[in-house]
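Just below is one structure, and these are the notes that go with it.
In this chain, residues are counted from 1 in sequence order. What you see is a predicted model, and the numbers here were worked out from it, not measured in a lab. Order of listing sets the numbers, starting from 1, for every ligand and every atom in it.
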Amino acid sequence: MTYPARDTVVKYPTGSLETDATVLHVEDLPDGRRAVLLDVTSVHPVDAGWPDQGADRAVLRSGAVETPLLDCIVGATDGDALHLGRDIPVGKGAEGWAFVVVHVVAGDCVLVEGDAIVAAVDAGFRLRTSAGHTACHLASLALNLAVADRWKKEPRADALGTPDFDGTAIDESLITENASTDTYRLGKSLRKKGFVTEGIDGDLPALTELINATLAEWVATDAAVHIDRDGDGLTDRRYWACALPGRPARIPCGGTHVSALGELETLRVALSTHDAAGTSVLTMVTTVGAAASV
Ligand SMILES: [Zn+2]
């Protein structure tokens with residue numbers, strides 16, 4: 001059994017939805033499904049370390065036969081075995097390891113090593129997920145601006161030079177079709193870093209209004225969005241870059257995005273807090289387009 005010696009080449013950062021590829025490796029998984037590794041792919045896999053954006057919906061096409069993907073995840077191999085997701089024992093870029101996009105298919109899939117196939121992604125799902133991801137980044141920057149006066153100490157700065165509440169307090173980020181849900185822990189460790197949490201519940205309506213006004217302003221600029229990248233391999237560093245007027249922003253990001261903010265049409269957040277085992281948790285739900293205007 002031979003494993004790829006280098007990272008899978010990924011084309012989704014450029015917006016690619018379909019690519020010709022060669023099957024490099026096929027392997028049965030313990031759960032009865034099968035892993036297919038390609039030299040190159042357009043399919044966005046879910047990341048093990050920061051699983052904010054899920055897998056694309058996609059098929060592997062071989063002649064008239066379409067094999068649907070059941071999942072698409074990041075894996076890694078040292079040449080001896082394939083490790084998946086959270087079971088990868090080394091960090092990205094570890095010497096002697098190849099990080100690969102694992103296309104998970106049914107156990108009766110007929111593809112074999114050496115097959116020439118086309119990896120094709122569901123365009124509508126990709127577009128809606130990309131909108132949700134761009135919205136997520138914008139909302140986090142707008143949230144940072146809205147709560148900037150709540151810092152007593154100077155924390156790290158975000159991509160616009162604002163105190164980075166999002167980067168400091170984020171617990172989980174989940175990107176879905178035309179939406180994202182971000183949760184922030186307003187606990188002791190955040191207060192120790194100098195963030196004032198007192199009275200935030202009462203401030204939520206004003207903060208929501210402020211964030212939505214910032215987002216409307218940004219969307220109206222129709223600023224261009226693109227992905228900067230150090231290379232075309234799965235683990236090469238990539239950045240979301242947005243040409244916001246007067247203050248271009250750049251954020252490390254492995255996901256997919258729209259190409260201009262005008263595609264989002266309308267963008268709105270809803271803020272709420274709840275108590276989780278004695279710690280207050282702030283939730284920001286961001287919605288795009290028709291879903292946001294109701
Ligand atoms: Zn991102």
Near the Zn ion (ligand 1), is there an N/O/S atom from Cys136 that is less than 2.8 Å away? no
With side-chain hydrogen bond (donor to acceptor under 3.5 Å, both in side chains) as the test, pick out the partner of His103 among Thr8, Thr67, Thr41. Thr41
Of the options Asp232, Leu38, Val101, Asp39, which is the one that meets Val9 in a side-chain contact (heavy atoms from CB on, under 4.5 Å)? Asp232
Of the N, O or S atoms in His137, the one nearest the Zn ion (ligand 1): NE2
Could you go step by step and tell me if Asp20 and Arg61 meet the salt bridge (charged side-chain N to carboxylate O under 4.0 Å, His left out) rule? CA-CA 9 Å; Asp20 292 328; Arg61 203 179 292 142; over 6 Å; no
Taking 2.8 Å as the cut-off, does an N/O/S atom of Cys253 lie below it from the Zn ion (ligand 1)? yes
Asp228 and Arg238: CA distance, side-chain angles, deciding distance, salt bridge (charged side-chain N to carboxylate O under 4.0 Å, His left out) verdict: CA-CA 6 Å; Asp228 285 342; Arg238 292 186 286 279; over 6 Å; no
